[in-house]
Amino acid sequence: MRVETIPLILGSLVALLGLGVIADAWLPEHVLYHSERRRRARAERDLSGETSIGLGVLCMAAALIGRDTWLYGTVAVLAGTFLAEY
């Protein structure tokens, strides 16, 4: 294995992680239990924030896959950082 393929493999794994976060935000939540066992109600999930984090992770994956030869690597990192700070 050449050293140049490590960012491609790492970027692919990060992209899968980002897609998983976005899928978790978009898919409906199925609850297996009917009653809440906690005394306080659970906080509602912020689906737009979770989607924003997933898109930020995808931007970071694009920067990893693009390596040093991609012209928009810095823009992708800045966009990913902005999206993760939402």
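Keep in mind that what you see is a predicted model, and the values were worked out from it rather than measured.
From Ser52, atom OG reaches atom CG of Leu47 across 12.5 Å, with rounding to the nearest 0.5 Å. A distance of 5.0 Å separates CG in Leu58 from CG in Leu19, rounded to the nearest 0.5 Å.
There is a path of hydrophobic side-chain contacts, each under 4.5 Å, that joins Ile6 to Ile9. Using a 4.5 Å cut-off between side-chain heavy atoms of Ile, Leu, Val, Met, Phe, Trp and Tyr, with links allowed through other members, Trp26 and Leu55 fall into the same hydrophobic cluster.
Nearest approach of Val14 to Val57, heavy atoms of both residues: O-CG1, 3.4 Å. Scanning all heavy atoms of the two residues, the minimum distance from Thr51 to Ala25 falls at OG1-CB, 3.4 Å.
Residues in residues 11-28 take part in these salt bridge (Lys or Arg N to Asp or Glu O under 4.0 Å) pairs, two or more places apart or across chains: Asp24-Arg45.
You'll find the side chain of Leu13 stays beyond 4.5 Å of the side chain of Leu17, heavy atoms only.
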Review item, side-chain donor-acceptor pairs of residues 59-71, under 3.5 Å, at least two apart:
unit_1: Arg67; atom_1: NH1; unit_2: Glu4; atom_2: O; d: 3.0
unit_1: Thr69; atom_1: OG1; unit_2: Gly66; atom_2: O; d: 3.3

